[in-house]
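To start, the structure under review is shown below, and the notes come after it.
Order of appearance sets the numbers: ligands from 1, and atoms from 1 within every ligand.
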Amino acid sequence: MTTALVTGASGYLAHRLLPIVAGHANVIGVCRQPPIGNVDAVRYLPLDLTDRAATHSTIRRLNPDVIIHAAAANPGHDESTMWAVNSEATKSIAGIAGELNSRLVFISTDIVHCGQHAPYADDAPAKPINAYGQSKAAGEATVLASCNRAIVTRTSLIYGLEHIDRGTAGFRKTLEAGNELTLFDDVLRQPVWIDSLCNAICLLAFDRTDETGTINLVGNQVLSRADFALKMLRHWKVSTDNSTNNIKLASARSIEGLPLDCTMHLHRARGLGIQLPGVDSVLAAA
Ligand SMILES: NC(=O)c1ccc[n+]([C@@H]2O[C@H](COP(=O)([O-])OP(=O)(O)OC[C@H]3O[C@@H](n4cnc5c(N)ncnc54)[C@H](OP(=O)(O)O)[C@@H]3O)[C@@H](O)[C@H]2O)c1
């Protein structure tokens with residue numbers, strides 16, 4: 001049977017991705033912390049991806065047919081950690097994937113864009129304006145340069161309906177503490193339902209292995225960050241009524257390093273028959 005190595009196995013995306021990958025392959029999940037709910041079929045392996053020698057020897061020994069590289073230091077980490085994980089560790093992984101001729105799927109982000117030239121094509125060149133975007137863009141470049149069988153997927157805010165996403169959890173905490181919550185109404189994104197994203201990643205990892213380059217995998221509905229937050233808070237039964245809460249809408253125009261409009265085309269995903277429903281249709285179906 002096919003062997004798949006998934007990095008970021010303790011992360012938010014992985015809690016839905018791993019069970020789906022386990023339907024295609026023997027799965028080894030790499031992380032440092034305990035995962036969100038153990039998936040029985042997955043063998044978890046502790047590994048610090050910034051340890052280059054350990055990463056090389058572990059992946060060489062496992063010799064996976066497929067690597068899904070979902071580990072990342074997301075915004076909130078310091079710049080040197082973001083660089084070490086998103087760029088340098090990605091460079092190690094891509095180098096070995098190239099050497100072993102493994103299929104590599106790298107999970108990237110819409111934040112590689114500056115937010116001034118939307119809508120972005122699948123192959124739009126990265127032009128990041130913050131440290132996270134820069135580190136992920138460097139990761140993308142090294143993946144495409146080092147591994148012939150790699151595809152870079154650019155995704156957006158990931159949410160699920162069973163396990164609260166990090167952003168919404170943070171907003172809920174702010175409100176529950178009785179603090180004012182400021183939401184940006186001019187930051188545009190295409191939040192992506194975790195299950196649709198996981199299915200798309202698996203299609204690219206196991207079936208459409210001839211697909212290379214970059215592909216946008218975002219939900220097909222553009223929402224402001226504020227609208228998305230309010231929809232998610234209501235889904236998680238948090239009151240968004242300002243008679244009991246203090247929610248303020250604001251512009252992000254004056255905030256340096258925050259891309260405003262990361263709207264993306266979905267031409268390539270549509271051509272592959274990938275379904276990426278928007279937030280309203282996911283909530284309505286639920
Ligand atoms: N969540 C979003 O809304 C969003 C939006 C756009 C793109 N993405 C991309 O989607 C992917 C998955 O995101 P996520 O939300 O699932 O991330 P997450 O919940 O923050 O999880 C990050 C994962 O990376 C692992 N990791 C970080 N540093 C590591 C290291 N030095 N060695 C080994 N593992 C390390 C963490 O494992 P340990 O902590 O156990 O080490 C964890 O499993 C990432 O590539 C991210 O950039 C996410």
Side-chain angles (χ1 to χ4, degrees), residues 5-18 21 28-39 42 44-56 58-59 67-78 80-94 104-113 126 128 130-140 143 152-160 163-171 187 189-194 196-198 200-201 214-219 223 225 228-229 232 259 262 264 276 279:
L5 183 131
V6 179
T7 69
S10 59
Y12 185 70
L13 176 65
H15 89 279
R16 293 299 275 182
L17 180 63
L18 288 170
V21 176
I28 300 140
V30 166
C31 48
R32 297 168 304 176
Q33 325 258 357
I36 306 175
N38 258 295
V39 178
V42 174
Y44 291 93
L45 199 69
L47 177 65
D48 182 346
L49 295 169
T50 62
D51 181 339
R52 197 166 170 271
T55 301
H56 274 231
T58 304
I59 301 182
I67 301 175
I68 301 176
H69 179 29
N74 282 316
H77 287 86
D78 61 69
S80 62
T81 306
M82 288 197 277
W83 198 257
V85 178
N86 302 342
S87 172
E88 292 305 316
T90 299
K91 188 174 180 184
S92 304
I93 291 166
L104 174 61
V105 181
F106 175 53
I107 315 302
S108 190
T109 170
D110 51 1
I111 306 296
V112 296
H113 295 307
N130 62 34
Y132 171 66
Q134 283 154 2
S135 66
K136 292 291 280 189
E140 288 189 353
V143 160
V152 168
T153 68
R154 290 175 173 162
T155 191
S156 188
L157 303 165
I158 304 170
Y159 68 94
H163 194 95
I164 192 165
D165 63 276
R166 215 180 8 253
T168 309
F171 297 152
V187 169
R189 298 286 185 271
Q190 281 158 282
V192 63
W193 179 40
I194 193 165
S196 64
L197 177 61
C198 293
I201 291 168
T214 48
I215 180 169
N216 296 337
L217 293 180
V218 294
L223 284 174
R225 190 64 187 88
F228 174 54
M232 284 293 110
C262 287
M264 291 167 130
L276 295 160
V279 173

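Protein heavy atom closest to atom 31 (N) of ligand 1, with residue, atom name and distance, is D48 OD1, 2.9 Å. The protein non-hydrogen atom at the shortest distance from atom 5 (C) of ligand 1 is S156 O, 3.0 Å. Counting protein heavy atoms only, atom 33 (C) of ligand 1 is closest to L47 O, 3.2 Å. Here the heavy atom of the protein found nearest to atom 27 (C) of ligand 1 is A72 O, 3.4 Å. Atom 48 (C) of ligand 1 has its closest protein heavy atom at I158 CD1, 3.5 Å. Of the protein's heavy atoms, I107 CG2, 3.3 Å lies nearest to atom 10 (O) of ligand 1. Among all protein heavy atoms, the one lying closest to atom 42 (C) of ligand 1 is S10 OG, 3.4 Å.
Using a non-hydrogen distance threshold of 4.0 Å, A70 registers as a contact of ligand 1. For H69, the closest heavy-atom approach to ligand 1 does not fall below 4.0 Å. The shell of residues lying under 4.0 angstrom from ligand 1, judged by heavy atoms, includes Y132. Using a non-hydrogen distance threshold of 4.0 Å, K136 registers as a contact of ligand 1. Using a 4.0 Å heavy-atom cutoff, P34 is absent from the residues neighbouring ligand 1.
S87 contributes no side-chain N or O that, together with a main-chain N or O of A84, makes up a donor-acceptor pair within less than 3.5 Å. With T155 contributing its side chain and T109 its backbone, the two residues share no donor-acceptor pair below 3.5 Å.
The shortest N or O to N or O distance between L49 and ligand 1 is under 3.5 Å. Residue contacts with ligand 1: A14 is placed with no nitrogen or oxygen under 3.5 Å of a nitrogen or oxygen of the ligand (distance criterion only). Between G11 and ligand 1, a contact under 3.5 Å exists for at least one N or O pair. Checking only distances, L157 never comes within under 3.5 Å of ligand 1, N or O to N or O.
Residues D165 and I158 are not in side-chain contact: their nearest non-hydrogen atoms beyond the backbone lie 4.5 Å or more apart. Between I111 and R189, some side-chain heavy-atom pair lies under the 4.5 Å cut-off. Side-chain contact between F228 and L157 is present, with at least one heavy-atom pair separated by less than 4.5 Å.
Short contacts between ligand 1 and T50, defined as distances under 4.0 Å to a heavy atom of the residue, involve ligand atoms 31 (N). Atoms of ligand 1 lying under 4.0 Å from any heavy atom of T155, numbered from 1 in the order shown and given with element: 6 (C), 7 (C).
Closest heavy-atom approach to atom 15 (O) of ligand 1 among the candidates H77, R166, Q33, R189: R166.
We find that R154 and E140 are joined by a salt bridge, their nearest charged nitrogen and carboxylate oxygen being less than 4.0 Å apart.
Residue contacts with ligand 1 for N86 are absent, since no atom lies close enough (heavy atoms, distance under 4.0 Å).
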